[in-house]
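Take a look at the structure set out below.
Excluded from the calculations below are hydrogen atoms, water molecules and symmetry mates; all remaining heavy atoms, backbone and side chain alike, are included. Counting convention: from 1, in listed order, for ligands and their atoms alike.
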Amino acid sequence: MTFQPITPIEPFRIKSVEPLGHTTLAERQAALERAGLNVFQLHAEEVLIDLLTDSGTGAMSAAQWGAMLIGDESYAGSRSFLKMEAQVRKITGYRHVLPTHQGRAAEHILFSAVLTPGSIVPSNTHFDTTRANLQLLDVEARDLLIAAGRQPMLEHPFKGNLDVARLEALIAEVGRERIPLVMMTVTNNGGGGQPVSLANLRAVSAVCRRHAIPFILDACRFAENAMFIKLREPGYADHSPLEIARAMFALADGCTMSAKKDGLVNIGGFLALNDDVWAERCRNRMIPIEGFPTYGGMAGYDMEALAVGLEEVLDPRYLLYRLDQADYLGGRILAAGVPIVRPTGGHAVFIDAGALLDHLPWHAFPGAALSAYLYEVSGVRSCEIGSLLFGLKHPDGSDAPAPNELLRLAIPRRMYTRSHLDYVAEAVAYVAAHKREIRGLRFTYEAPVLRHFTARFEWEGEPEASGVGSLASAAVRSV
Ligand SMILES: Cc1ncc(COP(=O)(O)O)c(C=O)c1O
């Protein structure tokens, strides 16, 4: 007889802890009012469980903290850079590694070095910063996600896949010259943290190579994507996440990377490329913006922590535990009758706020309203991924709806335990049971780009009861 455990336990023990931000209902209502009902404007101390983002919010390992002490802070030729560069090369195989302070800087450097106004960059789904960086250069960000990826409850193993036929049709329609590069976001954050299969990457790569179009991965969550391939794509069960990640990168010509996700660090990123000409252009572009090419936007100790993080993130035990967290939380929320994007993605549970709050139209931002209400009743912070964040426009400049109105509960890496997740599930169940109390939101301030970060709102209509929102009897439990 052998013991066959079914619980994928945390492959670590906890050495250092920090208290949660406990608040009363009245304190949360006051905080929300001050924040203009936008959870991005809350103070972190006002938040009990922070699922706003998985970006830069995770816990580093003792090995990472230890490595930071030997960081080499030399301006040029830092030993820590060489270590990080070797680790990135080992995983991606790309020749040129340019460190940046985070992912969006890598995007900006690449795009501003190689794109011209009027061109189109297709992707499965561009995430907010990628889209904004393209739009700032008058380049169109075109999403070509497969149809299944836009249907939240539909079960499909790789809902992050790009629609290859639509890519071919686009190239035929506008011509190769207007498409200077193709991107793929792995996993697809804007579409539910859904993975992309190796078969799909191979097909996109073949189209790009046939038309001599460079293919770039937005690789923030490459390790989670590799684990999904191992678990779901026939033929890869016996391959290690590192082998699968290498196979993914080999199909592309470079990547932008926010190391704040699968780099397991609090800050950092990089741009990695094979092409010598593009790399030289990007290096020249980065020097006045980010810094000398052997530190970019990072301190030597940041690069040390990243070199270790990139090793740790590919541990299959870590990745099993990681994917299980989203699966567990998603399962509990689904069991409470709340619609979510199925199957759960790698880093988050995405609630279908549009379906849950079917009394609110898209332009009342059901995801953001749900986010404000969830915080108000429980202290849990989440993030709208819908018409507010995507900020899509009709050709006449008026607002256009996003494909779905989602609320993302992003799970920081190695941070929260199952009982934290149980609490979140209870809070979501409470909110769902009181959903008719939730009113829509109306802007009182809206910035021209990336408006979700700084927007201010008021509730639409008359409150049904007292409170900042439409909250009356709220108290999931005293938190
Ligand atoms: C898919 C994707 N791409 C790019 C970025 C930008 O990375 P950063 O926040 O490090 O600038 C993010 C961050 O959330 C992301 O999820």
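The 12-atom threshold is not exceeded at CZ of Arg317, counting heavy atoms of other residues, nucleotides or ligands nearer than 6.0 Å.
Arg418 forms a cation-pi arrangement with Tyr328, by the criterion of a distance under 6.0 Å to the ring centre and an angle within 45° of the ring axis.
Atoms of ligand 1 found under 4.0 Å from any heavy atom of Thr129 (numbered from 1 in listed order, with element): 4 (C), 5 (C), 6 (C). Here is the list of ligand 1 atoms found below 4.0 Å of a heavy atom in Gln102: 8 (P), 9 (O), 10 (O), 11 (O). Atoms of ligand 1 lying under 4.0 Å from any heavy atom of Thr185, numbered from 1 in the order shown and given with element: 1 (C). For ligand 1, the atoms closer than 4.0 angstrom to any heavy atom of Cys220 are 1 (C), 2 (C), 3 (N), 4 (C), 15 (C). Under a 4.0 Å criterion applied to the non-hydrogen atoms of Arg221, ligand 1 contributes the atoms 1 (C), 15 (C), 16 (O).
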(request) Determine, step by step, whether Phe222 and Leu217 satisfy the side-chain contact (heavy atoms from CB on, under 4.5 Å) criterion, reporting the C-alpha distance in whole Å, the side-chain angles of both residues, the deciding distance to 0.1 Å, and the verdict. (result) CA-CA 9 Å; Phe222 75 95; Leu217 296 181; over 6 Å; no
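Residue-to-ligand polar distances keep Phe127 apart from ligand 1: every N/O pair is separated by 3.5 Å or more. At under 3.5 Å, not a single nitrogen or oxygen of Thr187, backbone or side chain, sits near a nitrogen or oxygen of ligand 1.
Of all protein heavy atoms, the one lying nearest to atom 13 (C) of ligand 1 is Lys261 NZ, 2.3 Å. The protein heavy-atom contact nearest to atom 9 (O) of ligand 1 is Arg104 NH2, 2.9 Å.
When heavy-atom distances to ligand 1 are checked against a 4.0 Å cut-off, Lys260 comes that close only through its side chain, counted from C-beta outward.
Centroid-to-centroid, the aromatic rings of Tyr423 and His420 stay 6.0 Å apart or farther. For an aromatic pair to be called close, the ring centres must be under 6.0 Å apart, and Phe228 with Phe158 fails this.
The aromatic rings of Phe249 and Tyr94 sit perpendicular to each other, their planes meeting at more than 60°, with 30° as the lower class boundary.
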